[in-house]
There are 2 protein chains.
Amino acid sequence: MKRLDVKSHCPINYALECFGDPWSLLIVRDIVYFGKKTYGEFLASEERIATNVLANRLADLEKKGIIKKCPCDTDKRKDIYMLTERGLDLIPLLSEMALWGAKHDVDTDAPKEWVETLSRDKEHILPLVRTTVEKGGAVFMGPNSVVSKL
Amino acid sequence: MKRLDVKSHCPINYALECFGDPWSLLIVRDIVYFGKKTYGEFLASEERIATNVLANRLADLEKKGIIKKCPCDTDKRKDIYMLTERGLDLIPLLSEMALWGAKHDVDTDAPKEWVETLSRDKEHILPLVRTTVEKGGAVFMGPNSVVSKL
DNA sequence: AAATTTACTTTTATGATGCAAGTATATTAT
DNA sequence: ATAATATACTTGCATCATAAAAGTAAATTT
């Protein structure tokens, strides 16, 4: 948890120092693709992150300016986590990662149609994903999902 | 070092399980951007990877099919590490990571001109990077560097 | 033949993660 | 109003990964 020393200012190393651990990008994925917003929703994700690790990662991501936390209006026990501008800027990176994984994992769960649509027309799709997520929507889930607009 | 259990077949998680540690992508970066090819060259990189960790990461990346190792013709003590097809397919992801880092690190070392060129014309640059690296060249170093062709 | 280079391995210390359990506050049910 | 439940955490402990330092074996240079 102590990542105070900066190893270099290579942009790739900088990015890795911000989110190059096994969990951070899965949290961002949960927001972008599945519209998750609360601690409990992140905790319930398929990869079974440990609760203390989730708390650490959320705090780190907030400190790094990738997510922000707001109290929930309707339930005061909950906080709502959303992407900042820096976080939204991760969408193209996340997409390339998803395309690589979908191409190279023979057992991938990635929906074939989405992969084809995305790789065919990034210029059009990525801004659509961004504006959707900005408004609290997601790629696959919810009434305003990106896939429902295609 | 024991990453035998697959947490999920989400393409993003798959990618993270292949190279989602703090070092693997720095090795790929050294190949793509700086034309590094041998153990000693990777060991000498700015971020100062520990020698045992480098040995582990090289072995893992080879096992995952991202790099391949060939004996060096001119010096039989050395091995030459190169990207496989799977490894070459990481170039777009690495580029997005570099663009994110260059944009969000106020102290970035990324060359401004390269960042602008890349973000303006990915369609043209990325295939050029790929064919260059395939032939043993790199983005910034060597007589056949990508930047020397622009 | 001796010194150096290269690509490692081994050992020990530290730090991060995984798992199980506990806590504080807010909400819902009775 | 009280009890039960939900939510977002924290704490303690075992295990795993990384960092640092040193050592090793084969190939090459002097």
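All figures in this text were calculated on a predicted structure; none of them were measured in a lab. What's counted below: heavy atoms across the whole structure, side chains too, no hydrogens, waters or symmetry copies.
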task = Looking at every strand, decide which applies to B:T51 at a 4.0 Å heavy-atom threshold: base, sugar-phosphate, or nothing.
result = base

remark   = Considering only heavy side-chain atoms of B:P22, the closest of C:dC8, C:dA26, D:dT18 is D:dT18

ask   = If you check every side-chain atom of B:K76, which of C:dT27, D:dA27, D:dA8 has the closest atom?
value = D:dA27

remark   = Among the nucleotides C:dT17, D:dT18, C:dC8, whichever has the atom closest to the side chain of B:K69 is C:dC8

key: Options C:dA26, D:dA27, C:dG18, nucleotide nearest the side-chain atoms of A:A50   = C:dG18

remark   = Looking only at D:dG12, D:dA27, C:dT10, the nucleotide nearest the B:N52 side chain is C:dT10

query = Quick one: A:L58 CG to D:dT10 C1', roughly how many Å, whole number?
reply = 14 Å

message = From the set D:dA19, D:dA27, C:dG18, return the single nucleotide nearest to any side-chain atom of A:W23.
response = C:dG18

message = Measure CG/B:L54 against P/D:dA17 and give the value in whole Å, please.
response = 17 Å

remark   = B:D73 CG to D:dT28 P, in whole Å, measures 12 Å

ask   = When you look at NZ of B:K149, are more than 12 heavy atoms from neighbouring residues, nucleotides or ligands closer to it than 6.0 Å?
value = yes

query = Nearest-Å distance, CD1 (A:I80) to C1' (D:dA8)?
reply = 13 Å

query = Okay, side chain of B:T38, backbone of B:I80: is any donor-acceptor separation there less than 3.5 Å?
reply = no

message = Heavy atoms only, 4.0 Å cut-off, all strands: where does B:F42 land among base, sugar-phosphate and nothing?
response = nothing

ask   = How would you label the contact of B:D79 with the nucleic acid (heavy atoms, under 4.0 Å): base, sugar-phosphate, or nothing?
value = sugar-phosphate

ask   = Quick one: is A:Y81 getting a side-chain N or O under 4.0 Å of the D:dC9 phosphate, OP1 or OP2?
value = yes

ask   = Considering heavy-atom distances to DNA chain C, does A:V53 or B:L43 have its closest nucleotide positioned more toward the 5' end?
value = B:L43

key: Within-4.5 Å side-chain heavy-atom neighbours: A:V139 and A:W114   = yes

query = Under 3.5 Å, side chain of A:R29 to main-chain N/O of B:N13, donor-acceptor pair present?
reply = no

Any donor-acceptor N/O pair, A:T108 side chain to A:D105 backbone, under 3.5 Å = no

ask   = Which whole-number value in Å describes the distance from A:E41 CD to D:dC9 C1'?
value = 16 Å

note = Of the listed D:dA8, D:dT11, C:dT10, the closest approach to the A:K78 side chain comes from D:dA8

key: A:E47 CD - C:dT17 P separation (whole Å)   = 16 Å

key: Polar side-chain contact B:R77-C:dT5 base: donor and acceptor under 3.5 Å   = yes

query = Separation of A:N56 atom CG from D:dT10 atom P, in whole Å?
reply = 8 Å

task = State whether B:R57 places a side-chain N or O below 4.0 Å from either non-bridging phosphate oxygen (OP1 or OP2) of D:dA17.
result = no

ask   = Counting distance only, does the side-chain N/O of A:T84 pair as donor-acceptor with the main-chain N or O of A:G65 below 3.5 Å?
value = yes

query = Atom NZ of A:K36 and atom P of D:dT7: how far apart are they, to the nearest Å?
reply = 14 Å

